[in-house]
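One structure below.
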There are 2 protein chains.
Amino acid sequence: MYEKYVKILKDHTLKITSPRLEVLKYLDEHHTHPNVEEIYSSLKKTHPSLSRTTVYNSLEILKKNRIVQSLAISGSELRYDIDERLHHHFICNRCGAILDISIACPNMDKTLQGGHRVEEVQGYFKGICKKCQTKEKGRSNNG
Amino acid sequence: MYEKYVKILKDHTLKITSPRLEVLKYLDEHHTHPNVEEIYSSLKKTHPSLSRTTVYNSLEILKKNRIVQSLAISGSELRYDIDERLHHHFICNRCGAILDISIACPNMDKTLQGGHRVEEVQGYFKGICKKCQTKEKGRSNNG
DNA sequence: ATACTAAATTGTAATAATAACAAAAAAGAA
DNA sequence: TTCTTTTTTGTTATTATTACAATTTAGTAT
Ligand SMILES: [Mn+2]
Ligand SMILES: [Mn+2]
Ligand SMILES: [Zn+2]
Ligand SMILES: [Zn+2]
């Protein structure tokens, strides 16, 4: 059940703790780029002793070890992604969904930009998602 | 002195107010991508009646009118840029500087990504800036 | 120039995300 | 099993931003 996550932690010589395993499992099963509150309140249901601070701490150490990445795309809160591979994101200004954008980008892999050492790359697109556009059209057509 | 900023506001049929002119002038003279606090505390010196809320309000309306853009690059606070043209940014994890990155990007101008309507594009690089790297080298060489 | 009205500014209070901290608990090594 | 270090927990503090109501002001009409 949790072997996969145990292995990830072990590979990074991190201590195996229940909160860390749960956070990893949650992110692995929810590729929605959740924020801390979503992760916390969901896990809290089945793990009532869990502390919000622990979720922050766990995510921080997972990020430091490059097991997860954080996205500042919303502007108000960090979102988390267990997919550490470099990929771009789209946020819908209507429904708030954050979606992966799989495009090739020539600047993505560069470790140097203008003489600066690059350690992290984030590509954000903001607008109206496909779904919300469909809804919009439907509304104007029907009534 | 302020004609330039008056014109910008007029062109967007926005009311000409002292706080708006001052915010525009500040951004025009400081291409450092300042946050609200930096703008506010600087203007407050010469305009003691200025309210922090007004700076927030002004920036919001300027952004809505696409006169300025906001950057979520720092993760904790929005940064503002009077240069509305699409360009990428680099933030230094050491000194906090936010710098323009002028690179051609094939994805920048696209108004559609994966079927989603794109209204805004942000490209962020994070790492250690050129200056901080030089300092680092100097330190390790000299002791 | 004056009066009017909608919009903007101000100050304060509320909210929300995150960080700091100390005590209790738990992981992993000995 | 014992010990030590790290993690977790709960609480409090901080910071960025928003909400709101009262006051002021910009721009327009008179
Ligand atoms: Mn993703
Ligand atoms: Mn810029
Ligand atoms: Zn949507
Ligand atoms: Zn730097």
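Just so it is clear: chains get the letters A, B, ... in the order the sequence lines come, proteins before strands, and each one is counted from 1.
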Nearest-Å distance for atom pair OH/C1', residues Tyr56(A) and dT7(D): 18 Å
By ring pair (Phe, Tyr, Trp, His ring centres under 6.0 Å) - contacts of Tyr40(B) (at least two apart): none
For Lys63(A), all residues meeting side-chain hydrogen bond (donor to acceptor under 3.5 Å, both in side chains), sequence neighbours excluded: Ser70(A), Glu120(A)
Under the side-chain hydrogen bond (donor to acceptor under 3.5 Å, both in side chains) test, residues paired with Glu22(A) that sit two or more places apart: Tyr2(A), His47(A)
Residues, nucleotides or ligands: over 12 heavy atoms within 6.0 Å of Lys7(A) NZ: no
Sole candidate of Thr32(A), Ile73(A), Asp81(A) that passes side chain to side chain contact (heavy atoms under 4.5 Å, CB included) when paired with Ile98(A): Ile73(A)
Which atoms of nucleotides 9-11 of chain D (N or O only) lie under 3.5 Å from a protein N or O atom, and what are those distances?
{"from": "dT9(D)", "atom 1": "OP1", "to": "Ser49(A)", "atom 2": "O", "distance (Å)": "3.1"}
{"from": "dT9(D)", "atom 1": "OP1", "to": "Ser49(A)", "atom 2": "OG", "distance (Å)": "3.3"}
{"from": "dT9(D)", "atom 1": "OP2", "to": "Ser51(A)", "atom 2": "N", "distance (Å)": "3.2"}
{"from": "dT9(D)", "atom 1": "OP2", "to": "Thr54(A)", "atom 2": "OG1", "distance (Å)": "2.8"}
{"from": "dT9(D)", "atom 1": "O5'", "to": "Ser49(A)", "atom 2": "O", "distance (Å)": "3.1"}
{"from": "dG10(D)", "atom 1": "N7", "to": "Ser51(A)", "atom 2": "OG", "distance (Å)": "3.4"}
{"from": "dG10(D)", "atom 1": "O6", "to": "Thr53(A)", "atom 2": "OG1", "distance (Å)": "3.3"}
{"from": "dT11(D)", "atom 1": "O4", "to": "Thr53(A)", "atom 2": "OG1", "distance (Å)": "3.2"}

Pairwise ring pair (Phe, Tyr, Trp, His ring centres under 6.0 Å) hits with a residue in residues 85-110 of chain B, at least two apart: His116(A)-Phe90(B), His33(B)-His89(B), His87(B)-His89(B)
Test side chain to side chain contact (heavy atoms under 4.5 Å, CB included) applied to Ile61(A) - qualifying residues, sequence neighbours left out: Leu14(A), Arg20(A), Asn65(A)
Where chain A begins and ends its contact with DNA chain C, read 5' to 3' at 4.0 Å from heavy atoms: dA17(C) to dG28(C)
Shortest non-hydrogen contact between Pro19(A) and Leu50(A), atoms and distance: CB-CD1, 4.0 Å
Rounded distance in Å - NE2 (His47(A)) to P (dT8(D)): 13 Å
Atom NZ of Lys10(A): over 12 foreign heavy atoms under 6.0 Å: no
Results of ring pair (Phe, Tyr, Trp, His ring centres under 6.0 Å) for Tyr5(B) - residues two or more places apart only: none
Nearest-Å distance for atom pair CG/P, residues Leu9(A) and dT6(D): 17 Å
Rounded (10°) bend between the five-pair end axes of the helix from dA1(C)-dT30(D) to dA30(C)-dT1(D): 30°
Salt bridge (charged side-chain N to carboxylate O under 4.0 Å, His left out) partners of residues 34-55 of chain B, not counting sequence neighbours, each pair once: Glu37(B)-Arg52(B), Glu38(B)-Arg79(B)
Comparing Thr17(B) and Val36(B) on DNA chain D - which has the more 5′ nearest nucleotide: Val36(B)
Where Ala104(B) and Asn107(A) come nearest, the two heavy atoms and their spacing: O-ND2, 3.5 Å
Spacing between Glu60(A) atom CD and dT6(D) atom P, to the nearest angstrom: 15 Å
Members besides Ile128(B) in its Ile/Leu/Val/Met/Phe/Trp/Tyr cluster (side-chain heavy atoms under 4.5 Å): none
Integer-rounded Å distance: dT14(D) P and Glu37(B) CD: 15 Å
Whole angstrom value for the distance that separates P of dT8(D) from CD1 of Ile16(A): 11 Å
Strand contacts (DNA chain C) in residues 67-83 of chain B, 4.0 angstrom heavy-atom criterion: none
